[in-house]
Participant: 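This is the structure I have questions about; it appears just below.
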Amino acid sequence: MSTPPPRQGTRPVAIVACAQSKSERRIEQANEVELLMPVVTEVYANAGMTKDDVDFICSGSTDYLIGGPFSFVTALDAVGVWPPKAESHVEMDGAWALYEAWVTLQEEGKDVALVYGFGKSSLGDLSRILALQLDPYTMAPMWPDQVSLAALQAQAMIDQGLATEEDFARIASRARHNALSNPNAQVANEKTMEELMKDDYAVAPLRRHTLPPLSDGAAAIILVAGDRAYDVVDRPAWITGIDHRVDAHAFGARNLAESRSTTKAAENAGVSAGPVDIAELHAPFAHQEILLRRAMGLNESTVINPSGGPLAANPLMAGGLIRFIEAANRIMDGSANRAVAHATSGPVLQQNLVAVLEGAS
Amino acid sequence: MADPTEIYTSPHVLEYPYARSTGPIIGAFLTALRDGKIVGVKGSKGRVIVPPTEYDPDTAEETSGIVDVGPGGVIETWAWVDTPRFDAPLDTPFAWALIRLDGADTAMLHVVAAPTSDVVVTGTRVTAEFRPAAERVGSMHDLRCFVLEGK
Amino acid sequence: MAAEETAQGPVTMLSTPIRLDYNFTAGVAQSKSLRGYAEGRFIGQRCPVCKKVYVPSRGSCPKDAVATTEEVVLPNTATVTTFCVVNVPFAGQSIEIPYITASILLDGADITFMGLIQGIAPEDVEMGLRVEAVWVPKEELGPTLASVKYFQPTGEPNREVSTFAEHL
Amino acid sequence: MNQRCAVIGVGQTHHKSKREDVSIAGLVREAAVAALEDAGLDFSDIDAVVVGKAPDMFEGIMMPELYLAGALGAVGKPMFRVHTAGSVGGSTAIVAAHLVANGIHKRVLTVAFEKQSDSDAMWALSVPQPFSAPLLAGAGGYFAPIIRSYINKSGAPNNVGMKVAVKDRLHALKNPYAHLHLPDIDLKMVEESVMLWDPLHYLESCPSSDGAAAMVLSSEDVAVAQEKTTGRPAAWIHGMAMRSEPTMFAGRNLMNPQAGRDCAKDVFAQAGITKPRQELDCAEVYVPFSWYEPMWLENLGFAEENEGWKLTDSGATSLDGGDIPWNCSGGVLSSNPIGASGMLRFLESALQVRNMAGDHQVPDAHKALGHAYGGGSQFFSMWVVGSDKPE
């Protein structure tokens with residue numbers, strides 16, 4: 001096996017096992033621990049490992065989804081950090097927890113990491129919760145909701161001639177179609193662009209179908225450094241490039257129709273260094289797929305969001321990590337050789353992470 | 001006996017009256033709003049940032065020099081809300097908009113009141129409509145909304 | 001805000017009240033414990049691996065990371081392993097200070113939880129004090145730990161600290 | 001660690017109960033700008049920014065680092081947000097240091113903060129959760145019973161905690177950034193303060209502060225270059241580690257948690273330390289309630305089990321003649337911007353080995369421990385820094 005060399009760091013790191021819950025609008029029968037535990041159990045089983053094999057654990061979640069401090073602390077009860085483990089938590093999507101784990105595995109002697117992310121959007125009013133991400137002096141007091149902010153971005157794209165409402169509907173149509181073959185998806189059906197265009201506006205110019213569903217869900221990944229990855233799986237999904245960047249928060253000070261942070265992260269991750277078979281883009285709103293695709297320079301030969309993407313299932317704090325899972329699964333099963341996984345955080349794509357996953361040649 | 005399969009759920013309210021110190025720059029902005037004006041601050045290379053921040057968001061350099069902007073400006077992009085949420089600034093249909101005020105180099109998020117959606121388009125000129133002086137306290141809500149210029 | 005209206009100096013403070021409404025769900029395991037409270041009894045769960053009894057249980061053994069499925073009904077009697085006297089006022093507090101919160105080890109349980117102690121003067125409480133749960137009247141029982149009004153001394157002799165040292 | 005990593009700049013705010021003169025951005029910039037100046041660098045020199053703070057409910061801003069991206073010069077760069085409860089300031093420093101030590105970046109700015117006066121920490125930590133009894137009474141209500149267990153087990157005299165409270169406040173008088181400056185502090189004053197969470201007096205508890213801390217971490221080549229440019233020495237990281245254990249499980253040792261012992265063992269092994277009391281010159285350890293000094297003396301291996309209080313009692317941990325001064329800065333008992341409190345411990349340990357701690361400098365300090373813990377004494381982060389490069 002010829003492990004593809006990584007662009008960042010010195011030690012190749014691969015995704016070797018994944019697990020995710022089925023996304024649902026409301027998972028009432030499970031609290032966070034019960035949501036997470038089967039997923040963690042499954043990822044260990046998929047890797048043929050136990051908690052004792054893991055050198056580092058990192059998770060992504062946010063307290064505001066549950067409305068109480070330290071939600072990540074109780075979630076640890078699902079993971080079994082005993083004997084005590086090297087463990088950390090980011091108040092970010094699980095994709096950034098993966099980034100931290102990837103950094104940690106650069107060190108010799110740290111070979112296996114568990115990464116997970118979880119979130120239940122069903123407990124509160126997500127639009128109101130997310131308004132608390134905005135500048136606390138000049139924006140949050142007006143409680144702008146995430147759909148309206150996304151609509152500002154979509155309109156900027158339309159004004160700049162980058163997309164039309166029909167383009168948005170075409171993306172939603174394809175996402176729902178792709179989701180039919182994804183058992184974890186929440187929104188899956190066959191609807192043509194023309195049918196979807198009959199939808200009402202949620203906030204113009206965004207019609208209902210351009211919005212992501214509200215989802216509860218959890219996801220977990222096992223990362224392994226070096227050749228040990230081949231002990232777990234025949235075709236590990238090697239992370240050959242990974243980078244993340246942030247844009248200015250004051251989105252009145254930037255062009256909303258572009259994503260400089262994505263462009264820079266994609267350049268550093270080496271997206272354009274070879275053909276991209278598939279890309280899993282964390283574009284919660286349909287228009288953001290067009291924006292991200294342009295920002296990364298992906299051409300027509302790349303299949304976008306074969307899982308259906310966030311338009312089919314979008315558990316906050318796990319949505320980005322699920323993009324890694326969907327991309328890695330397609331490397332591991334041999335259906336793709338080179339894939340892109342992307343995650344976003346913050347209002348209107350403020351922060352973006354891009355990774356290139358490759359199978360060994 | 002209680003239903004042996006019932007999953008208990010409960011309302012939970014998280015509520016606190018946060019009080020934020022503004023510092024001098026945001027303080028100057030809120031003071032101006034209370035006085036029925038809008039101000040920005042000069043950032044790197046002299047560009048005028050509205051709402052003002054202590055730093056230029058692109059360079060992190062310290063800003064200095066409060067300048068008057070508006071009250072007129074141009075819609076840079078918009079989003080039409082037919083059914084306002086309970087927490088929206090206006091309870092009748094309106095548009096969220098990024099508005100570049102006259103004299104500013106960045107756009108500010110606020111709302112535009114208009115009779116119908118078709119009159120709100122990118123490039124439309126709007127002007128600030130303040131609440132009556134007695135109701136203004138030094139917050140974004142002192143600026144009730146923007147309205148179409150000359151209407 | 002009133003101060004700002006009267007004194008027209010520069011604005012230095014911004015009031016931003018925040019209210020978020022949630023619909024919290026207890027999940028399967030916690031609902032079992034909560035159902036016990038609604039019935040006026042403690043229901044714990046046993047870990048299939050280490051056999052320890054957790055009450056209240058959140059559905060897993062935090063040490064072994066396995067689901068705890070076997071239910072165990074526990075008695076009202078317990079030992080105070082340790083405690084403190086709370087004498088600090090704070091926003092949202094609903095009990096009159098001073099009050100005693102104790103780590104309560106139910107007989108037959110392997111972990112403690114926080115409970116309120118009454119029926120004894122604060123200066124007389126000691127580690128090892130034997131207590132029993134006093135439930136709210138039957139018609140007020142509900143799926144909440146608040147169904148336990150408080151714990152009060154049983155009058156039994158205190159337990160030696162060495163007999164429960166592993167729970168400290 | 002694949003490569004050497006050094007602290008080349010530190011900055012902190014003046015910590016106060018209410019920093020009403022600044023916004024949150026203003027507060028964090030105060031620390032960040034000071035750290036950059038110390039390092040002889042500018043925001044534009046920085047490769048990545050790592051931010052840490054405790055629960056977002058303290059300020060009522062979800063993921064406030066997003067709003068702070070511009071204020072911290074992170075636009076166009078990687079920005080990262082860590083949250084590991086009270087240990088977060090320490091964990092944040094370690095996450096930032098890993099970026100350098102593992103060869104990803106050369107210059108990383110790390111910042112931790114809390115502006116608790118925007119709300120009320122007691123409220124935020126005691127938000128009644130559905131289905132539970134409303135008994136929570138802040139962190140003190142959680143830790144006081146554990147302290148009682150320790151006093152019972154160790155046979156320590158009741159006034160040891162008060163001695164820690166006095167000692168750390170005396171230290172704070174030598175630290176211009178400390179929140180509490182109590183020139184008349186003595187045992188009597190502590191004893192006469194309100195018994196908030198019996199056995200803890202008011203003055204045996206940490207204050208609630210607004211404040212921020214920042215550090216610039218760099219690779220060896222940058223550190224050597226900046227030492228020449230600024231004339232100020234770097235502090236070299238000799239070891240760093242994190243450990244976690246569950247909040248509660250049957251048989252958990254709450255007084256002397258295994259995760260703390262394991263973390264100390266790991267970090268000391270990396271730094272080649274076998275006798276911490278002898279081989280370290282000082283330590284900045286997260287002691288939010290007085291009795292956690294003797295408890296952590298045992299947990300970290302400075303004393304045998306049940307003997308920690310004897311070190312405190314004998315004055316061994318005092319800057320005034322002690323052989324292993326703890327918390328020369330005044331510690332968490334004197335300044336507690338929660339999210340930054342852990343980073344302040346790491347930062348102060350670096351200041352000591354750079355010989356830049358001013359009036360609270362331990363003479364000729366070469367090696368120091370920075371320590372933070374959080375949650376229900378379940379999350380630990382530690383580093384050892386030295387004035388010489390590690391082998």
Side-chain angles (χ1 to χ4, degrees), chain A residues 26-31 34 63-64 66-69 122-125 127-129 131-132 134-145 147-160 200-206 246-257 260 347-348, chain B residues 5 7-9 12-15 18 20-23 25-27 29-30 33 43 47 49-53 56-58 75-90 94-101 104-111 117 120-123 139-141 143:
Chain A
R26 186 184 304 277
I27 300 178
E28 206 151 77
Q29 66 276 17
N31 61 23
E34 292 165 317
D63 285 343
Y64 263 112
I66 192 167
S122 65
L123 301 176
D125 177 347
S127 278
R128 192 165 166 89
I129 290 171
L132 291 183
L134 302 169
D135 181 307
Y137 309 94
T138 60
M139 287 203 272
M142 297 190 289
W143 297 100
D145 63 284
V147 178
S148 295
L149 298 182
L152 290 173
Q153 184 175 45
Q155 186 58 43
M157 292 177 71
I158 292 170
D159 287 336
Q160 292 175 38
D200 289 338
Y201 285 115
V203 174
L206 295 181
V246 69
D247 284 310
H249 178 72
F251 43 77
R254 62 180 165 102
N255 180 357
L256 275 185
R260 290 191 196 182
V348 281
Chain B
T5 60
I7 304 295
Y8 291 106
T9 61
H12 168 51
V13 178
L14 187 68
E15 186 170 22
Y18 292 86
R20 309 191 185 284
S21 50
T22 60
I25 304 284
I26 296 160
F29 174 70
L30 297 176
L33 288 180
R47 71 168 183 164
I49 299 161
V50 183
T53 45
D56 185 298
D58 287 344
I75 293 179
E76 284 210 332
T77 183
W78 54 271
W80 183 259
V81 179
D82 241 341
T83 317
R85 287 170 48 86
F86 74 98
D87 52 8
L90 298 175
F94 70 94
W96 286 102
L98 287 176
I99 296 156
R100 188 189 294 258
L101 291 153
D105 294 294
T106 68
M108 179 173 87
L109 179 70
H110 216 282
V111 296
S117 64
V120 177
V121 291
T122 300
S139 95
M140 285 305 273
H141 293 281
L143 220 177

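Everything numeric here is computed off the predicted structure, so don't read it as measured data. Chain letters run A, B, ... following the sequence lines, proteins first and then strands; every chain starts at 1.
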Participant: Distance from I158(A) atom CD1 to T122(B) atom OG1, nearest 0.5 Å?
Facilitator: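 Here the rounded value is 9.0 Å.
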Participant: Please look at F251(A) and chain B and tell me whether the side chain, the backbone, both or neither of the residue comes under 4.5 angstrom of a heavy atom of that chain.
Facilitator: both
Participant: I need the residue from D87(B), D82(B), V81(B), T106(B) with the largest number of non-hydrogen atom pairs under 4.5 Å to chain A.
Facilitator: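 Maximum pair count with chain A is reached by D87(B).
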Participant: Is it the backbone or the side chain of I129(A) that comes under 4.5 Å from a heavy atom of chain B, or both, or neither?
Facilitator: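 Contact with chain B involves no heavy atom of I129(A) at all.
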Participant: If I measure from the heavy atoms of chain A, does L98(B) come under 4.5 Å with its side chain, its backbone, both, or neither?
Facilitator: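 Both backbone and side chain.
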Participant: Less than 4.5 Å to any heavy atom of chain A: does that hold for the side chain of A97(B), its backbone, both, or neither?
Facilitator: backbone
Participant: Using modelled atom types and a 3.5 Å cut-off, is there a donor and acceptor pairing between side-chain atoms of H110(B) and backbone atoms of I99(B)?
Facilitator: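 A pair under 3.5 Å: no.
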Participant: Please name all residues satisfying ring pair (Phe, Tyr, Trp, His ring centres under 6.0 Å) with W96(B), sequence neighbours left out, ordered by chain then number.
Facilitator: F94(B)
Participant: With a 4.5 angstrom heavy-atom cut-off, which part of L256(A) approaches chain B: side chain, backbone, both or neither?
Facilitator: side chain
Participant: With distance as the sole test, does H141(B) use its side chain to make a donor-acceptor pair with the main-chain N or O of P141(A) at under 3.5 Å?
Facilitator: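 Side chain of H141(B) to backbone of P141(A): a pair is present.
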Participant: Restricting to side chain to side chain contact (heavy atoms under 4.5 Å, CB included), what partner residues turn up for D125(A), sequence neighbours left out?
Facilitator: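 Side chain to side chain contact (heavy atoms under 4.5 Å, CB included) list for D125(A), sorted by chain: S127(A), R128(A), R85(B), F86(B).
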